[in-house]
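Reminder, nothing fancy here: chain letters follow the sequence lines and each chain counts from 1. Note that the coordinates shown come from a computational prediction; the quantities given were computed from them, not determined experimentally.
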There are 2 protein chains.
Amino acid sequence: MKIEDEIKQSTFKDEYQKAHINLVFTTGWLQQQQSGQFKEFGLTLPQFNILRILRGQHPKPATVNLLIERMLDKTSNASRIVDKLEVKHLVTRTVCPSNRRAVDIRITEAGLELLRQLDAVMQNQQLGLQNLTLEEATQLSNLLDKIRD
Amino acid sequence: MKIEDEIKQSTFKDEYQKAHINLVFTTGWLQQQQSGQFKEFGLTLPQFNILRILRGQHPKPATVNLLIERMLDKTSNASRIVDKLEVKHLVTRTVCPSNRRAVDIRITEAGLELLRQLDAVMQNQQLGLQNLTLEEATQLSNLLDKIRD
DNA sequence: TGCAAATATATGTACATACATTTAATGTTG
DNA sequence: CAACATTAAATGTATGTACATATATTTGCA
């Protein structure tokens, strides 16, 4: 559906404004699709993203700093998201022996198993991006990189 | 900067995953640019968006339902955002005479004046989208529409 | 060595999101 | 017209975001 119809606004100031609104709307749309999938597993999107970073490190631990560095949204509060994962026993937190200011965070076996289940779900899932050809996906990335130049 | 460098991840599963991550990252980047501009005016991005919808309706009132319909994120809580605007005297709330379940929300003169100031700021502001040509902006919108098909 | 600066994380507060529930007014229908 | 369903908005609760501040540890250097 064209963005005009999605938000019931027929005219935009210019193509830039239209593209901007479309970006915000489409990203929100994609994220809602995704969190819908995660809900039955009791995971939110930020929690999932952190778990994936921890799996990437496994069996090495990560620190909060490393999580922030890798997170898409740098300013969010990794510490409190780890809190939630710890309560669910999906990660462990131990004081880092070599630097007692830092905290070693590790994904547990339960966390790895949950991600395996989600991998299977995501495999079957048609996220909207697959409506694009490979060339179009590349083109999209290039346009986005240009925006942030 | 290429997305690989922004998030310190050199490889992606495929171009689709890369474009997806780039979408989330770039939209977050844009929104942070914008809220930075609003902060000195004491407005958040959702508050600004609602004020703009109300200006679009002015001098007719809007209901909460109409706001939700027009908002980019349909599931957010318009009622409480209006609360914040009301405290700042940027909008008024009166019971709708023809349907006492509904509430007529109107932008005040102070609200209109604040938007005028912000218009001026936004005019001078180089939001990243202007790095694109007009053709590229159109192309971007078309790609995004295709994602949501 | 001792003390200030830097670092790693946690905490506090205001705002927003997501979703379920509540309250009040209006429609509907047997 | 009375009972029930629907609708519009507000409220409750858990989570996340943004930003400032606090606490503990380590580092650096006078």
* At their closest point, which heavy atom of Glu15(B) faces which heavy atom of Thr138(A), and how far apart are they? -> OE1-OG1, 3.1 Å

* Asked: Quick one: does Thr63(A)'s side chain have a donor or acceptor within less than 3.5 Å of a partner on Asp104(A)'s backbone?
  -> no

* **Start and end of the DNA chain C segment that chain B contacts, any atom under 4.0 Å from a heavy atom** => dC15(C) to dT26(C)

* To do: List in numerical order all residues of residues 84-91 of chain A for which some heavy atom is under 4.0 Å away from an atom belonging to DNA chain C.
  => none

* Asked: Where each residue is assigned the nucleotide of DNA chain D containing its nearest heavy atom, which of Pro46(A) and Arg100(A) is assigned the position nearer the 5′ end?
  -> Pro46(A)

* **Any donor-acceptor pair under 3.5 Å from Lys88(B) side chain to Gly42(B) backbone** => yes

* Structure fact -> Reading nucleotides 5-14 of chain D from 5' to 3' and marking B where a protein heavy atom lies under 4.0 Å of the base, S where only the sugar-phosphate is that close, and - otherwise, the string is --BSSSBBB-

* Asked: Can you check whether Leu132(B) reaches Gln139(B) side chain to side chain, under 4.5 Å on heavy atoms?
  -> no

* Structure fact -> In short, Leu54(B) meets Ile105(B) closest at the heavy-atom pair CD2-O, 3.7 Å

* Any idea which heavy atoms bring Tyr16(B) and Leu134(A) closest together, and the distance? -> OH-N, 3.4 Å

* Structure fact -> For Gly128(A) and Leu30(A) the tightest heavy-atom approach is N-CD2, 4.1 Å

* To do: Sorted by first residue and then second, give each ring pair (Phe, Tyr, Trp, His ring centres under 6.0 Å) pair with at least one member in residues 94-122 of chain A; sequence neighbours left out.
  => none

* For atom CZ of Phe48(A) and atom P of dT15(D), their distance in whole Å -> 19 Å

* To do: Describe the nucleic acid contact of Ile81(A) in one word from base, sugar-phosphate, nothing, applying a heavy-atom distance below 4.0 Å.
  => sugar-phosphate

* **Qualifying ring pair (Phe, Tyr, Trp, His ring centres under 6.0 Å) pairs with a residue from residues 45-67 of chain A, counting only residues at least two apart or across chains** => Phe38(A)-Phe48(A)

* Between Gln47(B) and Gly36(A), who's closer to the 5' end of DNA chain C by nearest nucleotide? -> Gln47(B)

* How would you list, by chain and number, every residue that makes a ring pair (Phe, Tyr, Trp, His ring centres under 6.0 Å) with Phe41(A), sequence neighbours excluded? -> none

